[in-house]
Amino acid sequence: MSAPARSPRPSRPRSRRPRWGLRLATGGACLVLAVSGIGHLLVRELDSGIHRVDAFGGLDNRPKNTGGGVNFLVVGTDGRERITPREKALYRLGGAPCRCTDTIMLMHLSGDHRRVSTVSLPRDSYARIPAYTDATGKRHPSHPRKLNAAYAEGGPSLAVRTVEHLTGVHVDHYLEVDFTSFMKTVDVLGGVKICTARPLKDDHTGLDLPAGTHVLNGGQALQYVRSRHVDGTSDLGRIQRQQRFMAAVVHQTTAGRILLNPVRFNRVAGALLGSVRADHGFSAEDLVALGRAMSGVTPASSEFASVPVVLPGVPVKGAGSTLRWNRAKAERLFTTLREDRPLVTHRPKRARAIPVDVDPARIRVHVLNGTNTTGLARRADRALHATGFAATGSPADAATPDVRHTVIAYDPIWDRSARSLAAAVPGARLKPVAGQGAVMQITIGADYKGVRPVRVEAPKTDTAGFGAVTGDEVVCPEGGATRSL
């Protein structure tokens, strides 16, 4: 019996597979070429928008970068030439530019691209401006001034030289951001969310924020980071707000995957670089590479610190009141930065906490049980103690067991403490009682749902002693009402 004739049909799929594979490979190659071509065009477009400055010309005897990583000197200048009349009036930006640096920061990207450390240098820091020759050829000897005077006297190169002389940190790149680029970048991000446990009001900048969570546009964000007259902390308080703001930006860009989205990244970078000034060695390709590296950085791996200072300020002839650094702590801080080590010592992970105005440890609380649930007051007392409140440890029953709503009775002179306690007990109602004294009385009602963690808005300093915090400690907690102003 002869073998059956073979059908030619099975051979067709075999011949098609290589063709589809070839087409997919060819299409993939075309896609790679197209994307790389678009990326090249974007880089060229961004590069053409960068304004260049000679930040390193004539510098000598510079510290070496031996520990790895990349160091940026970032300054925020009082440039308001391109601010519109409406913006000047709305955000209190009138007056002539002072050619000075409102903000001075050292930013360190670790060698493994997993950590960004930002150290704020108070602009009123005492500094000896190194000897220099100005544009007219006149020689100036070394002399004492505030740190921000270096830029005013000799521009970016003298600012770099002074910072390197003070810190011993080698500056690899220089970036200068003015009011316009700051506002545009925030607006392109879609605004930035910040939260405050107390109202913030500054008549000088026009800042007027009630307590709570807000999404700030570019102009409002500028008011927030510039305000120095919110409380008695002046520039040090402003530095803390700037750090919270930067942590919020890191959270927003990483959570929204902006750094991994070429279109959105290009919009943000274009807004920033449209009016930023950078050293000649910093190219748009460096910016793209930096964005790629930063895509792995999270609020938890971003660190913020300010140079420790000795208070009160010290007057200097011709400079006014200056802030002297705590040299021992400052040297540890900059040694850590130079050696590419984390600024924040390891801390156990804690639940995200609500920021409050008053440290819970300073708030005394007596708990009463207004329900029929046995032991509820004792559990609430222990929960408040675990969260950090000074609970009395002697809970008791309320006069009646049918309280519907949890109530906090407090003396009106302790209203800030009462609001901080209320933040830890969702839904609790505040009841002012004149003459009650310093001890808050909380009566647990049927609507009690437990105690949530809180933290004082001014974060505790780290054990190394220079006040470093991670971004996740200062960004707004998830949830809660947000308002756009």
Side-chain angles (χ1 to χ4, degrees), residues 43-44 46-82 97-109 118-121 123 125-182 269 272-290 307 319 334 337-338:
V43 167
R44 287 182 58 187
L46 291 175
D47 203 56
S48 64
I50 301 177
H51 301 271
R52 301 295 178 181
V53 332
D54 185 9
F56 302 110
L59 299 190
D60 54 13
N61 298 321
R62 304 183 63 197
K64 303 294 184 183
N65 185 354
T66 57
V70 183
N71 299 314
F72 297 80
L73 178 61
V74 181
V75 302
T77 63
D78 189 18
R80 59 187 82 189
E81 297 89 345
R82 287 169 292 179
C98 70
R99 184 173 166 74
C100 58
T101 48
D102 258 7
T103 302
I104 307 170
M105 297 178 176
L106 275 174
M107 293 184 64
H108 174 81
L109 176 64
T118 301
V119 178
S120 298
L121 312 180
R123 70 176 195 172
S125 298
Y126 172 86
R128 287 202 65 86
I129 307 297
Y132 70 97
T133 302
D134 64 24
T136 67
K138 182 180 178 180
R139 183 69 176 171
H140 297 263
S142 175
H143 55 284
R145 283 290 184 272
K146 292 182 179 179
L147 178 56
N148 69 339
Y151 180 91
E153 288 188 27
S157 62
L158 188 59
V160 170
R161 178 179 293 178
T162 304
V163 168
E164 288 190 337
H165 176 75
L166 274 174
T167 65
V169 174
H170 177 89
V171 175
D172 297 293
H173 289 296
Y174 172 88
L175 294 175
E176 183 180 309
V177 181
D178 65 11
F179 291 169
T180 303
S181 58
F182 179 88
L272 176 63
L273 296 183
S275 48
V276 78
R277 304 208 307 166
D279 64 271
H280 290 289
F282 185 76
S283 67
E285 290 181 348
D286 290 322
L287 179 70
V288 173
L290 178 64
V307 182
F334 293 119
L337 208 65
R338 289 192 296 267

Test side-chain contact (heavy atoms from CB on, under 4.5 Å) applied to Leu166 and Phe334, step by step:
CA-CA 10 Å; Leu166 274 174; Phe334 293 119; over 6 Å; no
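- Ring pair His140/Tyr132 is parallel by interplanar angle, where below 30° counts as parallel and above 60° as perpendicular.
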One pair to check against side-chain contact (heavy atoms from CB on, under 4.5 Å): Val119 and Val307. What are the steps and the verdict?
CA-CA 7 Å; Val119 178; Val307 182; 4.0 Å; yes
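- Distance alone, capped at 3.5 Å, places no donor-acceptor pair between the Arg161 side chain and the Ala150 backbone.
- Residue Leu121 holds its CG atom at 5.0 Å from CG of Leu106, rounded to the nearest 0.5 Å.
- Summarising the geometry, atom CZ belonging to Arg277 is positioned 12.0 Å from atom CG belonging to Leu175; distances are rounded to the nearest 0.5 Å.
- Inter-residue side-chain proximity for Lys64 and His170 is flagged as unmet; no heavy-atom pair is nearer than 4.5 Å.
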Apply the test side-chain contact (heavy atoms from CB on, under 4.5 Å) to residues Leu73 and Ile104: give CA-CA distance (whole Å), side-chain angles for both, the deciding distance (0.1 Å), then the verdict.
CA-CA 7 Å; Leu73 178 61; Ile104 307 170; 4.0 Å; yes
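- Residues Arg123 and Leu147 have side chains not in contact (no heavy-atom distance under 4.5 Å, counting atoms from C-beta outward).
- The closest side-chain heavy-atom distance from Pro63 to Val169 is not below 4.5 Å.
- Across all their heavy atoms, Val53 and His280 have their closest contact at O-CD2, 3.5 Å.
- Nearest heavy atoms, Asp172 versus Gly69: OD2-O, 4.2 Å.
- Looking at every heavy atom in both residues, Arg128 comes nearest to His165 through O-CD2, 4.1 Å.
- Closest of all the heavy-atom pairs between Gly57 and Asp54 is N-OD1, 2.9 Å.
- In this structure, Ser157 and Phe56 have side chains that are not in contact, with every pair of non-hydrogen atoms separated by 4.5 Å or more.
- Rounded to the nearest 0.5 Å, atoms CZ (Arg139) and OG1 (Thr133) are 4.0 Å apart.
- Thr162 approaches Leu158 most closely through the heavy-atom pair OG1-O, 2.7 Å.
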For the pair Val171 and Arg62, evaluate side-chain contact (heavy atoms from CB on, under 4.5 Å) and give the outcome as yes or no after the intermediate values.
CA-CA 9 Å; Val171 175; Arg62 304 183 63 197; 4.3 Å; yes
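- Closest non-hydrogen pair, His108 versus Gly68, comes out as CE1-O, 3.3 Å.
- For the pair Asp178 and Ser181, the minimum side-chain heavy-atom distance is below 4.5 Å.
- Formation of a donor-acceptor pair under 3.5 Å by the Asp102 side chain with backbone atoms of Gly76 is not found in this model.
- Listed for the Ser142 side chain is a donor-acceptor partner under 3.5 Å among the backbone atoms of Ile129.
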